[in-house]
Amino acid sequence: MADENDSCAVAHAPVGAQAGAARPDAAFPHGAGRMLVAVFAAPVSAYLLRYGADAGFRGLLVEPDANRAAGAAIGGFAVVGAIPGDMRDADVVVADHHRDELGLVLRDALKSRARWIGVMGNPRHEAPHVAALEALGVAPGDIARIHRPIGLNIGSRTPPEIAIATLAGILADRNARPGGFF
């Protein structure tokens, strides 16, 4: 019950108490240090990082393609060319499963000790990341750590809707909740 009351207190706090804070960890003390990593510059990545910042995550975009990285000034978030080595407690979302670099970035994400790794994609289609990781010699147990599909099944069709469903799924997982309706 204490968690419910804490959430209620946060939800009903004066608007300035949340929105006016300079740093996400000041506005959202329970989210201090959380990192959300979007892999590959895509419209969904922009929304995911923007909404993630509103939820108290520090955002990072990983874009290995130098040309795409140069054009990916997504809301002022940092853009790097490769998965950082130690992302303990980070949540990693791969926004494009058609890229040639898919296996490499996922292999590096698995090595990074990220808390959660997911790949966007239609669950009715074959998951291309499995073959890509097998070709790189990644162990089946490590491949199984990667979530697909991701997000809550709310019938998302547009980049903002997909980002909301994805972020909601990550939050449900972080809070050990199944997601969906009560």
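Not a single donor-acceptor pair under 3.5 Å links the side chain of D173 to the backbone N or O of G169. Judged by distance alone, with hydrogens and angles left aside, the side-chain atoms of N122 form a donor-acceptor pair with the main-chain N or O of R124 at under 3.5 Å. Judged by distance alone, with hydrogens and angles left aside, the side-chain atoms of E63 form no donor-acceptor pair with the main-chain N or O of R68 at under 3.5 Å. With hydrogens and angles ignored, the 3.5 Å screen pairs a side-chain donor or acceptor of S45 with a backbone N or O of F40.
Between Y51 and I164 there is a side-chain heavy-atom pair separated by less than 4.5 Å. At a threshold of 4.5 Å between non-hydrogen side-chain atoms, the residues R115 and M35 do not count as touching.
Contacts of R113 classified as side chain to side chain contact (heavy atoms under 4.5 Å, CB included), with partners at least two apart in sequence or in another chain: D86, R88.
Salt bridge absent: D89 and R34 never bring a charged side-chain N and a carboxylate O closer than 4.0 Å. Salt bridge annotation for K111-D142: absent, with no cationic side-chain nitrogen under 4.0 angstrom from a carboxylate oxygen.
With rounding to the nearest 0.5 Å, the separation of CD1 in I117 from NE2 in H147 is 8.0 Å. With rounding to the nearest 0.5 Å, the separation of CZ in F77 from CZ in R50 is 8.0 Å. Taking CG of L110 as the reference point, atom CG of L133 lies at 6.5 Å (rounded to 0.5 Å). To the nearest 0.5 Å, the span separating CG on L106 from CG on L136 amounts to 9.5 Å. For the atom pair CZ of R177 and CG of L171, the computed distance is 12.0 Å after rounding to the nearest 0.5 Å.
Between R99 and the choices L104, V39, D65, the side chain to side chain contact (heavy atoms under 4.5 Å, CB included) rule is met once, by D65. Screening I150, D91, L152 against T166 for a side chain to side chain contact (heavy atoms under 4.5 Å, CB included) leaves a single residue, I150.
Closest approach of A55 to L167, counting heavy atoms only: CB-CD2, 4.3 Å. Across V62 and P84, no two heavy atoms sit closer than the pair CG2-CD, 4.5 Å. The two atoms that bring A165 and S156 nearest to each other are CB-OG, 3.4 Å, heavy atoms only. Counting all heavy atoms, side chain and backbone alike, A172 lies closest to P178 at CB-C, 4.4 Å.
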Candidate pair L60 and L36, rule side-chain contact (heavy atoms from CB on, under 4.5 Å), full reasoning: CA-CA 6 Å; L60 177 68; L36 179 60; over 6 Å; no
Steps toward side-chain contact (heavy atoms from CB on, under 4.5 Å) verdict (L49, F57): CA-CA 8 Å; L49 292 174; F57 287 87; over 6 Å; no
If you apply the rule side-chain contact (heavy atoms from CB on, under 4.5 Å), what do you find for M120 with V94, and how did you get there? CA-CA 6 Å; M120 290 184 180; V94 177; over 6 Å; no
Test log, rule side-chain contact (heavy atoms from CB on, under 4.5 Å), inputs H129 and R148: CA-CA 10 Å; H129 71 280; R148 183 176 182 274; 3.8 Å; yes
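One hydrophobic cluster, built from ILVMFWY side chains closer than 4.5 Å, holds both L102 and V80.
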